[in-house]
Amino acid sequence: MSQKAARISKGSSGWGGPLVVKPEGEKKYVISVTGGGIDPLAQKIADITGTEAIDAFNNPVPKEETFVAVVNCGGTARSGVYPKMGIPTVNTVPVTPAGPLAKFIKEEIFVSGVTLDGIEEVDGIETPNKKIETEEKVNDDPNLKTDTVAIVEDAKDENIMLRIIDKVGKAAGSIVNVFYQAGRDTIDTLIKNILPFMAFVATLVGIINYSGLGNLLAHVFTPLAGNIIGLIVLSLICALPFLSPILGPAGVIAAVVGTLIGQQIATGNVPMYLALPALFAIDAQVGCDFIPVGLTLGEAKPETINTGTTAVLISRVVTGPIAVIIAYAFSFLLK
């Protein structure tokens with residue numbers, strides 16, 4: 001029986017692709033790593049290919065059995081984790097390559113901004129995905145061999161001093177290249193991640209200040225942010241196991257609430273010494289959406305991922321309020 005395949009195209013604001021995916025050999029699962037059950041995109045791909053969609057957040061499967069991954073990452077780690085493992089990745093969020101694993105996000109293995117209309121059935125006979133090309137070795141080039149022999153013969157005639165200078169120069173060049181590459185990576189991260197987030201926060205502050213939204217939400221958040229009991233309650237809400245994986249992606253919720261509380265601290269409605277415990281209160285959910293991905297990246301077994309994810313999510317309900325209390329104890333130094 002011929003194997004069905006699905007062609008996945010980017011959305012109107014998406015990037016990458018199109019991808020043509022189909023199950024081959026042991027690769028028989030479509031995994032959904034979205035923190036909210038099986039995404040409709042994953043289910044449609046599974047229906048087209050005649051395979052099974054798995055909520056990898058709660059029921060992880062080995063990467064060797066995964067032929068496509070569906071994520072909802074805002075451009076941080078999950079966008080690059082699965083491409084790094086060679087798994088075609090479908091992102092429901094319209095993002096371009098970004099984050100620490102951006103170099104692994106290629107058009108041949110990643111597509112973003114995908115909607116249900118962007119997934120269609122194809123015959124599956126041929127997979128037109130481009131292959132990521134690697135540099136070929138040229139050791140068999142006769143001209144290269146000739147040049148190498150000539151260089152070696154010339155090197156024999158060099159005196160010891162020139163050889164020492166040459167080695168020192170190469171060592172210095174290697175060090176310079178390391179720092180140069182580090183500078184390039186730093187600037188790249190700054191441009192693609194830090195500056196856009198700063199622009200987002202600045203825009204958010206502007207909207208809050210000039211739309212009156214801040215005054216409206218202040219009445220909701222001030223009772224919680226204005227005392228230690230309220231902050232503990234806020235941390236419990238953020239750490240709830242069924243909410244934390246949904247609140248985690250891209251840190252948007254923490255950024256919004258943090259901006260609101262920051263505004264209240266700046267205006268004097270919330271005491272300054274509550275800034276530290278407030279930080280821990282709104283960040284109780286941080287990383288909860290990345291737990292199964294991180295364990296997968298560490299090549300943990302499916303049973304370990306399943307147990308570990310549940311354990312960490314439940315533990316956040318306990319450690320979140322404790323972190324707020326500890327921060328509150330240290331916050332007296334800010335008075």
Side-chain angles (χ1 to χ4, degrees), residues 35 73-78 99-100 186 189-190 193-291 293-294 308-309 311-335:
C73 179
T76 50
R78 276 181 296 167
T186 301
T189 301
L190 179 67
N193 297 300
I194 298 177
L195 290 180
F197 186 77
M198 291 175 63
F200 161 73
V201 173
T203 303
L204 185 62
V205 171
I207 294 174
I208 291 173
N209 286 336
Y210 294 101
S211 67
L213 181 63
N215 294 330
L216 177 63
L217 295 179
H219 294 291
V220 177
F221 287 103
T222 298
L224 292 179
N227 58 83
I228 184 60
I229 301 300
L231 290 175
I232 292 176
V233 172
L234 183 59
S235 68
L236 282 171
I237 294 173
C238 292
L240 289 174
F242 57 88
L243 282 181
S244 55
I246 301 174
L247 299 178
V252 173
I253 298 299
V256 173
V257 177
T259 301
L260 292 171
I261 294 178
Q263 287 286 305
Q264 294 304 305
I265 292 175
T267 57
N269 294 329
V270 175
M272 180 63 189
Y273 66 88
L274 289 180
L276 186 61
L279 174 65
F280 283 90
I282 65 175
D283 285 337
Q285 85 290 345
V286 169
C288 287
D289 62 314
F290 186 69
I291 296 167
V293 179
T309 300
V312 173
L313 291 181
I314 294 176
S315 69
R316 286 295 180 87
V317 179
V318 178
T319 60
I322 291 177
V324 173
I325 295 173
I326 295 174
Y328 180 71
F330 281 93
S331 67
F332 287 102
L333 298 175
L334 300 175
K335 286 189 176 182

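The structure places CD1 of I325 at 12.5 Å from CZ of F280, a figure rounded to the nearest 0.5 Å. Here T309 contributes atom OG1 and I314 contributes atom CD1; the two are 11.0 Å apart, rounded to the nearest 0.5 Å.
Considering all non-hydrogen atoms of both residues, A327 and P277 come closest at CB-CA, 3.7 Å. When all heavy atoms of L279 and I282 are compared, the pair lying nearest together is O-CG1, 3.4 Å. The nearest pair of heavy atoms linking I228 to V324 is CD1-CG1, 3.7 Å. Annotation for Q285 and R316: closest pair C-NH1, 3.8 Å, computed over non-hydrogen atoms. For the residue pair I232 and P321, the shortest heavy atom distance occurs at CG2-CB, 3.9 Å. Closest heavy-atom contact between P241 and V317: CD-CG2, 3.7 Å.
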